[in-house]
Amino acid sequence: MSIGQTASNADRVGIAVAAMVFTDLTLSIADAIIKVTISDMPLSQFILLRSCATLPLLISILKWRSPQVSLRPNHPGWAILRSSLLLSSLLIYYASLPRLDFSMAAAVYYTIPLFITLFAAFWIREPVGVQGWVGVALGFVGVLLMLKPQAGDLGVHAVMPLVSAILYALAMVLTRTKSRGESPFVLALIFNVIAIGLGGGASLATVMAGSEGGQSLFMGAWIPMGWTQWALIGFLSMTMLIGSVGTAIAYQWGPSSIISTWDFSYLAFAVLWGVVLFSERLDAASILGIVLIALAGIIVIRR
């Protein structure tokens, strides 16, 4: 059965899939950079500066492309909840990156499609079909092959991407159900406003606490910023913009069960960067995992 027969008339599945894959490529590059740099910078500083750089660009694009669109979402409560879940997910995932191999963190994180499909099937009764379930199951087996979980090996840090995955899945189902009619740029705008509020509040709390506040990955004294750091923030701001808008477009224009399977492409990119940039070994099981993930995408897109 073709996608056109399974998706609603309002869906544009081809564009949604392309948006998801491109978004995953962009975000995987950004996360590889974050893994290297974030250990020296408190997350509160990072998200505040990145969102401050992203917000004016978002507003300019929105006013240029869609001047008639209000900056206020149609359903502020749902937009705020969606963005809060998404921001919490990203912060927890970022916090895990310095402590885990990139490929392992991505593998645990990419239980996302499983949770999205479960939430979509049982919460909003979105039809998945036998082939859809087979595709998602194969993709999940691929993730397990790459993770190779063993008793006693999964500590708190390994669980962090799993918690992040659950929060992300909830945010994406909300995008599909409660924020489908919203402009992706407005959703990205809300996300960055909340990020600025959280990052600014945490930074202010650090200043008020002084030396007694201590240092942690999320809160702590700001590190000095040179041209390299500012250029990095600028680049990561662009990736945040692409990620925020691209993800919203993908889940607005395509069924969650299809888009979530193609969302596995992030895992393949993460493994690639793990091998190329961090010298992580890619064994036979990991290669088989990538093949299963690709096969899962083909099965779901052709159902």
Side-chain angles (χ1 to χ4, degrees), residues 16 19-20 22-24 26-31 33-34 38 42-66 69-95 97 109 112 116 119 163-203 218 233-253 256 259-260 263 266:
M20 192 73 261
F22 179 72
T23 298
D24 281 344
T26 303
L27 292 179
S28 68
I29 294 172
D31 289 347
I33 295 173
I34 290 170
I38 200 63
L43 275 171
S44 56
Q45 178 183 1
F46 172 70
I47 64 167
L48 176 59
L49 294 179
R50 191 168 79 164
S51 291
C52 282
T54 303
L55 193 60
L57 183 59
L58 262 175
I59 295 175
S60 299
I61 293 175
L62 188 59
K63 288 301 184 182
W64 171 54
R65 295 296 301 270
S66 305
V69 174
S70 172
L71 297 181
R72 185 178 186 274
N74 297 323
H75 304 285
W78 290 117
I80 291 172
L81 177 59
R82 171 199 178 272
S83 295
S84 299
L85 288 170
L86 187 57
L87 179 61
S88 299
S89 170
L90 292 178
L91 287 176
I92 293 171
Y93 182 59
Y94 290 161
L97 288 179
Y109 186 56
I112 285 174
I116 288 177
F119 294 152
V163 175
S164 177
I166 295 173
L167 295 174
Y168 186 100
L170 286 170
M172 291 306 101
V173 174
L174 280 179
T175 302
R176 174 73 175 167
T177 56
K178 303 299 183 181
S179 300
R180 185 180 175 114
E182 304 281 5
S183 165
F185 288 97
V186 173
L187 290 177
L189 186 73
I190 297 300
F191 173 87
N192 282 280
V193 168
I194 293 175
I196 289 173
L198 180 62
S203 298
F218 181 69
I233 290 294
F235 174 76
L236 292 175
S237 297
M238 291 300 299
T239 64
M240 171 182 276
L241 178 61
I242 293 172
S244 299
V245 176
T247 301
I249 289 174
Y251 280 95
Q252 284 179 330
W253 289 2
S256 299
I259 302 305
S260 63
D263 206 356
Y266 174 95

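Every residue two or more places apart in sequence or in another chain that forms a side chain to side chain contact (heavy atoms under 4.5 Å, CB included) with S84 is listed here: I80, I194. Listed by chain and number, the residues in a ring pair (Phe, Tyr, Trp, His ring centres under 6.0 Å) with Y93 are Y109 (sequence neighbours excluded). With sequence neighbours excluded, the residues satisfying side chain to side chain contact (heavy atoms under 4.5 Å, CB included) with I196 are L48, S51, C52, L55.
The closest side-chain heavy-atom distance from L91 to L198 is below 4.5 Å. Looking only at side-chain heavy atoms (C-beta outward), M238 and L57 come within less than 4.5 Å of each other. Here the side chains of I190 and P73 are in contact, with some heavy-atom distance below 4.5 Å. Here the side chains of Y168 and L85 are not in contact, with every heavy-atom distance at 4.5 Å or above. Within the 4.5 Å cutoff, the side chain of D31 has heavy atoms near those of the Y94 side chain. No side-chain heavy atom of W253 sits under 4.5 Å from any side-chain heavy atom of I259. For the pair M172/L86, a side-chain contact is recorded, criterion being any heavy-atom separation below 4.5 Å from C-beta on.
Judged by distance alone, the side chains of S164 and S89 do bring a donor and an acceptor atom under 3.5 Å apart. Judged purely by distance below 3.5 Å, without hydrogens or angles, the side chains of R82 and T175 pair a donor atom with an acceptor atom.
Across all their heavy atoms, F119 and I166 have their closest contact at CE1-O, 4.0 Å. Taking each heavy atom of G246 and T23 in turn, the nearest pair found is CA-OG1, 3.3 Å.
Looking only at distances, a side-chain donor or acceptor of E182 sits under 3.5 Å from a matching main-chain atom of H75. Put simply, the side chain of S237 gets close to the backbone of R50: a donor and an acceptor are under 3.5 Å apart.
Here I34 contributes atom CD1 and T239 contributes atom OG1; the two are 6.5 Å apart, rounded to the nearest 0.5 Å. Atom CG in L43 sits 10.0 Å away from atom CD in Q45 (nearest 0.5 Å). In this structure, CZ in F22 is found 4.5 Å from CD1 in I242, a value given to the nearest 0.5 Å. In this structure, the separation between CG on L87 and CD1 on I47 is 5.5 Å, given to the nearest 0.5 Å.
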* What's the verdict on side-chain contact (heavy atoms from CB on, under 4.5 Å) for T177 and W78, showing C-alpha distance, side-chain angles and the deciding distance? -> CA-CA 10 Å; T177 56; W78 290 117; over 6 Å; no

